[in-house]
Amino acid sequence: MKQFSYVRVTSSASAIAAISKDKTAMFLAGGTNLVDLMKSGVTSPDRLVDITRLPMADIALTKTGIRIGALAKNTAVAEHAEVIKHFPLLSQALKAGASPQLRNMATVGGNMMQRTRCHYFYDTAMPCNKRQPGSGCGAIGGFNRMHAIFGASEQCIAVHPSDMCVALTALDAVVTVQGPKGERKIPFGDFHRLPGTTPEIDNTLQRGELIMAVDIPYQQELTKTHYLKVRDRASYAFALVSVGAALSVSSNNITDVRLAMGGVAHKPWRLKEAEAFLKGKPATEDNFREAARLTMASAKSQGANEFKLTLAPNSIVEALKLAVANGNN
Ligand SMILES: Cc1cc2nc3c(=O)[nH]c(=O)nc-3n(C[C@H](O)[C@H](O)[C@H](O)COP(=O)(O)OP(=O)(O)OC[C@H]3O[C@@H](n4cnc5c(N)ncnc54)[C@H](O)[C@@H]3O)c2cc1C
């Protein structure tokens with residue numbers, strides 16, 4: 001591993017100042033992704049700015065919803081009574097991720113910023129436009145069973161690996177960030193981006209900006225929720241396909257619905273078309289199938305991930321059925 005300097009900061013202002021001094025400096029939170037990337041030579045910062053002592057781990061109800069600090073641990077969020085009560089989809093998604101040990105270390109900000117799990121990104125002997133722009137994409141025509149079926153480009157077909165972010169996308173969360181130019185808010189759906197011709201850029205965070213918190217608005221009626229994660233092992237594995245579903249159902253009619261998928265695109269994939277179709281319709285399997293069919297219209301296989309073209313619509317239908325059956329009321 002390349003040598004680096006280390007500084008621990010005690011205020012967000014000093015964190016932002018410290019990172020601005022050095023082009024390659026990076027924030028260190030739980031370290032569960034960044035340290036792995038450093039060990040394998042994928043990321044080589046000259047300076048680590050340890051933010052773990054900043055007072056940004058609170059989880060508290062607000063007038064309009066809940067505010068979760070960027071340093072709140074994944075376990076603390078998943079097991080928080082108000083999260084379980086008001087935002088069960090978020091708790092379910094977090095519990096489906098990684099392992100208990102990792103969730104005890106991993107933070108909300110770090111989870112949002114985690115890099116893809118594409119094998120070619122991690123293997124520095126292979127071409128990867130995300131790791132080294134212009135070097136090519138080993139996954140196109142290569143080993144790509146984990147890869148994207150939506151929104152991929154000729155430069156990159158990697159997927160975003162987070163479970164938590166699927167729930168936050170479905171729940172219309174908003175990210176608060178602070179940087180050298182002050183504070184700004186980013187709707188969660190705009191935080192991550194598609195690869196296009198610049199796959200090295202995962203998200204819309206600007207250089208020097210620090211994620212402070214995530215706000216989720218109350219959606220009292222969305223009581224029927226399910227996070228379905230299909231993976232190679234029952235635990236400690238990234239999603240091949242995941243679906244976060246949250247519904248409001250009255251007399252078997254869907255009055256509101258939120259749907260997002262993981263493991264299928266460079267960003268958490270919101271199913272707006274399916275949501276629009278389902279709203280106002282009876283909660284029947286036929287309608288769930290049609291919603292899935294509409295979603296899949298823009299899907300494209302890369303070869304070895306052809307099975308996702310069947311797995312994804314089946315997962316949408318299954319998640320909706322389980323949400324309606326197992327919801328809170
Ligand atoms: C074996 C293994 C299995 C896993 N399985 C899953 C899984 O199934 N599902 C899943 O969702 N995740 C999974 N993960 C990923 C895990 O959730 C992430 O590693 C973790 O969430 C990252 O959080 P962290 O606090 O450790 O971030 P770090 O590793 O400290 O940082 C990651 C990145 O975030 C940046 N960063 C951190 N905090 C901030 C901030 N406040 N503002 C701006 N930038 C910031 C850092 O600079 C760095 O670039 C797995 C990880 C491992 C190692």
Side-chain angles (χ1 to χ4, degrees), residues 1-6 18-50 98 106 109-162 165 177 179 186 190-211 237-240 262-269 300-305 308:
M1 199 197 303
K2 195 182 119 186
Q3 288 212 337
F4 58 90
S5 68
Y6 168 92
I19 210 148
S20 306
K21 281 188 198 141
D22 183 337
K23 260 192 183 163
T24 71
M26 293 180 81
F27 296 127
L28 175 71
T32 61
N33 189 215
L34 181 53
V35 175
D36 279 353
L37 291 167
M38 290 170 67
K39 283 184 192 163
S40 55
V42 175
T43 305
S44 304
D46 287 326
R47 168 188 277 242
L48 283 189
V49 178
D50 182 343
N111 192 313
M112 290 166 58
M113 295 293 288
Q114 66 174 295
R115 312 282 331 254
T116 184
R117 291 283 159 171
C118 174
H119 310 288
Y120 297 92
F121 176 72
Y122 275 80
D123 186 343
T124 53
M126 300 301 289
C128 172
N129 287 323
K130 183 178 278 298
R131 176 174 27 79
Q132 196 181 342
S135 62
C137 174
I140 296 177
F143 184 69
N144 58 29
R145 67 186 287 278
M146 295 291 289
H147 290 71
I149 52 171
F150 297 112
S153 75
E154 284 174 12
Q155 272 75 40
C156 180
I157 59 170
V159 299
H160 194 267
S162 169
C165 293
V177 307
I186 310 170
D190 297 336
F191 186 83
H192 297 99
R193 61 185 293 281
L194 291 177
T197 55
T198 50
E200 70 276 16
I201 306 171
D202 290 346
N203 54 59
T204 52
L205 200 71
Q206 300 296 309
R207 177 83 203 140
E209 283 184 329
L210 176 69
I211 302 167
F238 291 93
L240 289 164
V264 294
H266 197 257
K267 60 185 285 187
W269 197 248
K300 186 174 168 282
S301 140
Q302 300 294 336
N305 68 352
K308 288 194 184 184

Arg131: salt bridge (Lys or Arg N to Asp or Glu O under 4.0 Å) partners, not counting sequence neighbours: none
Is atom CD of Glu200 surrounded by more than 12 heavy atoms (other residues, nucleotides or ligands) closer than 6.0 Å? yes
Report yes if some heavy atom in the side chain of Leu48 is under 4.5 Å from a heavy atom in the side chain of Leu34; otherwise report no. yes
Consider side-chain contact (heavy atoms from CB on, under 4.5 Å). Of Met38, Met26, Arg47, which one does Phe4 pass it with? Met38
Ignoring hydrogens, what is the shortest heavy-atom contact between His266 and Cys156? Give both atom names and the distance. CD2-SG, 4.0 Å
To the nearest 0.5 Å, what is the distance between CE (Met113) and CG (Leu205)? 5.0 Å
Is a donor on one side and an acceptor on the other found under 3.5 Å between the side chain of Ser135 and the backbone of Pro127? no
For the side chain of Lys308 and the backbone of Gly263, is there at least one donor-acceptor N/O pair under 3.5 Å apart? yes
Least distance between heavy atoms, Ser40 atom then Thr124 atom: O-CG2, 3.6 Å
For a side-chain contact (heavy atoms from CB on, under 4.5 Å) check, start with the C-alpha distance between Phe150 and Val159, then their side-chain angles and the critical distance, and finish with the verdict. CA-CA 9 Å; Phe150 297 112; Val159 299; over 6 Å; no
What distance separates Asp36 CG from Gln114 CD, expressed to the nearest 0.5 Å? 11.0 Å
Note, Tyr6 side chain near Leu28 side chain (heavy atom, < 4.5 Å): yes
Contacts of Lys39 meeting side-chain hydrogen bond (donor to acceptor under 3.5 Å, both in side chains) (sequence neighbours excluded), chain-then-number -> none
Output the distance between atom OG (Ser153) and atom CG (Leu194), rounded to the nearest 0.5 Å. 8.5 Å
Pairwise side-chain contact, Thr24 with Thr43, heavy-atom cut-off 4.5 Å (strictly under): no
Heavy-atom distance under 4.5 Å between the side chains of Cys165 and Asn111, does that happen here? yes
Identify, with sequence neighbours excluded, every residue that meets salt bridge (Lys or Arg N to Asp or Glu O under 4.0 Å) alongside Arg193. none
Can you tell me how far apart OG (Ser162) and NZ (Lys267) are? Round to the nearest 0.5 Å. 13.5 Å
Test salt bridge (Lys or Arg N to Asp or Glu O under 4.0 Å) applied to Lys130 - qualifying residues, sequence neighbours left out: Asp202
What are the two closest heavy atoms between Ile201 and Asn203, and how far apart are they? CG2-O, 3.3 Å
Give the minimum heavy-atom separation between Val264 and Trp269, together with the two atoms involved. CG2-CB, 3.8 Å
Provide the closest heavy-atom pair for Gly196 versus Gln155 in the form atom of the first, atom of the second, distance. O-OE1, 3.3 Å
Could you check whether any side-chain N or O of Thr116 sits under 3.5 Å from a backbone N or O of His160, counting only pairs where one atom can act as donor and the other as acceptor? no
Give the minimum heavy-atom separation between Arg115 and Asn33, together with the two atoms involved. N-OD1, 3.0 Å
Holding to salt bridge (Lys or Arg N to Asp or Glu O under 4.0 Å), I want the full list of residues that pass it with Asp22, two or more places apart in sequence or in another chain. none
Asp46 vs Lys2, test: salt bridge (Lys or Arg N to Asp or Glu O under 4.0 Å). Steps then yes/no. CA-CA 8 Å; Asp46 287 326; Lys2 195 182 119 186; 2.5 Å; yes
Distance check, rounded to the nearest 0.5 Å: Ser44 atom OG versus Gln3 atom CD? 12.5 Å
Is there side-chain contact between His147 and Ile140, with heavy atoms separated by less than 4.5 Å? no
If only atom types and distance count, is the side chain of His192 paired as donor or acceptor with the main-chain N or O of Met112 below 3.5 Å? yes
Could you tell me which residues satisfy ring pair (Phe, Tyr, Trp, His ring centres under 6.0 Å) with His119, sequence neighbours excluded, listed by chain and number? Phe143
Distance, nearest 0.5 Å, that separates CD1 of Ile157 from CE of Met146: 12.0 Å
A side-chain contact here means heavy atoms from C-beta on lying under 4.5 Å apart; do Tyr120 and Asn129 qualify? no
